[in-house]
Novice: 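Would you mind keeping the following structure in view while I ask a few things?
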Amino acid sequence: MAVTGRLGLLALLAAPVVGFLLPSWAGIGLAAAVLFLLVALDLLLAGSVRRLHFARSGATSVRLGEACEVTLTVANPGGRPVRAWLRDAWPPSAGADDRHRLTLPAGERRVVTTRLLPTRRGDRTAARVTVRSTGPLGLAARQGSHEVPWTVRVLPPFHSRKHLPSRLARLQQLDGRNAVLIRGQGTEFDSLREYVIGDDVRSIDWRASARASDVMVRTWRPERDRHVVLVLDTGRVSAGRVGDAPRLDAAMDAALLLAVLAARAGDRVDLLAYDRQVHAAVQGSTELLPALVNAMAPLESSLVETDARGMVAEVLRRTRRRALVVLLTGLDAAPLEEGLFPVLPKLTSRHQLMIASVADPRVAEMAAGRGDAEAVYDAAAAERVLAERRQVTARLARHGVEVVDAVPEDLPPRLADRYLALKAAGRL
């Protein structure tokens, strides 16, 4: 039972009145007895919260940064009306507008809508529904809580979607739809056209030219149904924050853009999230984008060193034919030296490997600083970090590994551009 501030106010008002009629102590005692009876009566008349019935409906998923609504249907099977405050509690990261005023007559039902604006990815689960039902005088209230389960999955926002139209236009050119000539290993014959100055003479079709009145050349298009495997490193290196978000979120955004682009190119796209075990996997899904964002949504970085040997073994086990393996990880020298480099030949002998890494723009800013002694020391440390990343990139390149190292905003389009360059060169 919760007694409101009205109880004290009535006690102050009632005591002087009764005091005129009885001695002071007797008057106060009588006033207290009257108030106790009023509170008891008010509590007796308050609607029951235990007998309320609840049901949920509404959104089950939402993109990070967008709002959604979850509805709560409350039914009152009792014989007294319920005048109450209702709190639909959610975790703080759900961003719930969770307090509602409820007036529910006997035998009726009402719908309460809670608006969510999540601030983090993952599954956000409703905690409990708490109802405080006040009596008609507002002196006392009944309070109770109910478990009404519901989960809303907060999906990655896919900010890099804005780069998709321009990359699709370039993909159309590679497909030969704009009559662009493409030569390279692993391409498919598309059509014949007349020779123009600048065409590769190796593309001339002499038999077709003999039958025609002009020199004819073959046009080519990249092969379809290639295999692209996206590998998200969810280990320690992905936990570092760049700006307001962890590196893992930026890697996800880049992976989504590349996945959609590759799917539009007719390639098969798989996903693997790994540190010391598989945390998510998508293979051969027909609804690729929904499958990817649902698999990525609950992923969190683990504060452990990634088992590179286990990761490579898992990729080789799942991918039999030659594929483009895109590993989204860090370029820190020490983890790569101890983890990836020893097993790199085993992976590159069977697949084309591309490494995408999220760079911190703050490091470049520090490298340019010369304002005072502290800034100079910061600049020296930043230059050392940049030099190590360049050395690691050069070493990976000697093993035939493509490397894309960019800040979060630039990583998705640059990764997509590198994929298109490989397509154009016929290296997929």
Side-chain angles (χ1 to χ4, degrees), residues 58-66 68 116 118 120-125 150-165 167-168 171 224-235 238 245-275 277-302 306 310-311 314-329 351-352 354 356 358 411-413 415-416 419-420 423 428:
T60 56
S61 63
V62 63
R63 289 194 182 277
L64 182 64
E66 299 180 359
C68 68
L116 306 180
R120 289 183 57 189
R121 282 185 300 100
D123 292 336
R124 297 293 168 260
T125 303
W150 193 261
T151 299
V152 174
R153 173 157 288 190
V154 185
L155 306 174
F158 196 10
H159 295 306
S160 60
R161 185 191 296 268
K162 61 186 178 183
H163 300 292
L164 188 57
R167 272 63 190 179
L168 288 177
L171 181 63
R224 288 181 172 270
D225 195 26
R226 312 309 289 173
H227 196 182
V228 178
V229 182
L230 304 173
V231 183
L232 285 173
D233 181 354
T234 58
S238 67
R247 280 186 165 89
L248 181 59
D249 285 29
M252 287 181 182
D253 201 35
L256 287 174
L257 179 63
L258 178 58
V260 175
L261 181 63
R264 294 288 186 90
D267 294 340
R268 172 184 168 179
V269 180
D270 292 344
L271 171 73
L272 179 68
Y274 192 95
D275 44 52
Q277 61 181 351
V278 176
H279 293 283
V282 175
Q283 286 187 291
S285 175
T286 56
E287 297 291 334
L288 181 63
L289 185 57
L292 289 179
V293 294
N294 271 289
M296 291 179 180
L299 289 178
E300 297 290 346
S301 300
S302 302
T306 298
M311 176 188 291
E314 191 68 29
V315 171
L316 295 178
R317 185 183 69 82
R318 292 169 177 265
T319 310
R320 299 296 183 183
R321 64 173 183 167
R322 186 168 181 82
L324 171 64
V325 178
V326 182
L327 174 58
L328 295 109
T329 186
H351 302 293
Q352 172 68 52
M354 183 188 298
V358 181
L411 183 62
L415 182 59
Y419 164 79
L420 291 173
K423 277 278 190 184
L428 295 185

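Just the heavy atoms: all of them, side chains too, but no hydrogens, waters or symmetry mates, feed the values below. These numbers come from a predicted model, not from an experiment.
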Novice: Hey, are the side chains of Val325 and Thr319 touching, using non-hydrogen atoms and a 4.5 Å cut-off?
Specialist: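 Sidechains of Thr319 and Val325: no contact.
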Novice: Could you pull out the closest heavy-atom pair between Asp253 and Ser160, with the gap in Å?
Specialist: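 That closest heavy-atom pairing would be O-OG, 3.0 Å.
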Novice: Walk me through it: do Val62 and Arg124 pass the test side-chain contact (heavy atoms from CB on, under 4.5 Å)?
Specialist: CA-CA 11 Å; Val62 63; Arg124 297 293 168 260; over 6 Å; no
Novice: Does one side chain, of Thr151 or Asp123, offer a donor that lies under 3.5 Å from an acceptor on the other?
Specialist: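 Judged by distance alone, the side chains do not pair up.
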Novice: Taking Arg63 for the side chain and Pro156 for the main chain, is one N or O donor matched with an acceptor at less than 3.5 Å?
Specialist: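 Yes: the side chain of Arg63 pairs with the backbone of Pro156.
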Novice: Could you tell me the separation between the CZ atom of Arg318 and the CG atom of Leu272, rounded to the nearest 0.5 Å?
Specialist: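 Going from CZ on Arg318 over to CG on Leu272, the span is 5.5 Å.
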Novice: Quick one: are Gln352 and Met354 in side-chain contact, heavy atoms under 4.5 Å?
Specialist: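 No; the side chains remain at least 4.5 Å from each other.
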Novice: Could you tell me the separation between the NE2 atom of His159 and the CG atom of Leu257, rounded to the nearest 0.5 Å?
Specialist: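 Output value for this atom pair is 13.0 Å.
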Novice: Among residues at least two apart in sequence or on other chains, which ones pass side-chain hydrogen bond (donor to acceptor under 3.5 Å, both in side chains) with Tyr274?
Specialist: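 Once residues adjacent in sequence are excluded, Tyr274 has no partner under the side-chain hydrogen bond (donor to acceptor under 3.5 Å, both in side chains) criterion.
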Novice: Nearest heavy-atom pair of Thr234 and Ser238: which atoms, and what distance?
Specialist: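 Looking at all heavy atoms of both residues, the closest pair is C-OG, 3.3 Å.
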Novice: Indicate the atoms forming the closest heavy-atom contact of Val358 with Ala251, along with that distance.
Specialist: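 It is CG2-N, 4.2 Å.
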Novice: Is the shortest heavy-atom distance from the side chain of Leu261 to the side chain of Tyr419 under 4.5 Å?
Specialist: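 Answer yes - side chains close enough.
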Novice: Can you tell if the side chain of Val260 reaches within under 4.5 Å of the side chain of Arg161, non-hydrogen atoms only?
Specialist: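 They are not in contact (no side-chain heavy atoms under 4.5 Å apart), so the answer is no.
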Novice: State, with a plain yes or no, whether a side-chain heavy atom of Thr306 is found less than 4.5 Å away from one of Met311.
Specialist: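 Counting from C-beta outward, Thr306 and Met311 do come under 4.5 Å.
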Novice: For Arg226 and Arg322, what are the C-alpha separation, side-chain angles and deciding distance, and is it a side-chain contact (heavy atoms from CB on, under 4.5 Å)?
Specialist: CA-CA 9 Å; Arg226 312 309 289 173; Arg322 186 168 181 82; 5.9 Å; no
Novice: Rounded at 0.5 Å granularity, tell me how far CG in Leu64 sits from CE in Met252.
Specialist: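 Here the interatomic distance stands at 11.0 Å.
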Novice: Restricting to non-hydrogen atoms, name the atom on Ala254 and the atom on Leu328 that form the minimum distance, rounded to 0.1 Å.
Specialist: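 So the minimum-distance heavy-atom pair works out to CB-CD2, 4.2 Å.
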Novice: Taking the side chain as every heavy atom from C-beta outward, state whether Leu248 and Arg121 have any atom pair closer than 4.5 Å.
Specialist: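 Side chain of Leu248 against side chain of Arg121, heavy atoms only: contact under 4.5 Å found.
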Novice: Distance from Arg167 atom CZ to Leu420 atom CG, nearest 0.5 Å?
Specialist: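 Those atoms lie 8.0 Å apart.
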Novice: So which atom in Ala323 and which in His351 form the shortest heavy-atom distance, rounded to 0.1 Å?
Specialist: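 So the two residues come closest at N-ND1, 3.1 Å.
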Novice: Would you give the length of the straight line joining atom CG of Asp233 to atom CZ of Arg247, rounded to the nearest 0.5 angstrom?
Specialist: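 Here the interatomic distance stands at 11.5 Å.
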Novice: Any non-hydrogen side-chain atom of Asn294 less than 4.5 Å from a side-chain atom of Leu155?
Specialist: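 Counting from C-beta outward, Asn294 and Leu155 do come under 4.5 Å.
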Novice: Quick one: pull up CG in Leu292 and CG in Asp270 and give me the separation to the nearest 0.5 Å.
Specialist: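 It is 9.5 Å, given to the nearest 0.5 Å.
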Novice: Hey, does His227 have a side-chain heavy atom less than 4.5 Å from the side chain of Arg320?
Specialist: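 When only atoms from C-beta onward are counted, His227 and Arg320 do not touch, as no gap falls below 4.5 Å.
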Novice: So which atom in Gly235 and which in Ser301 form the shortest heavy-atom distance, rounded to 0.1 Å?
Specialist: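 Taking every non-hydrogen atom into account, O-CB, 4.1 Å.
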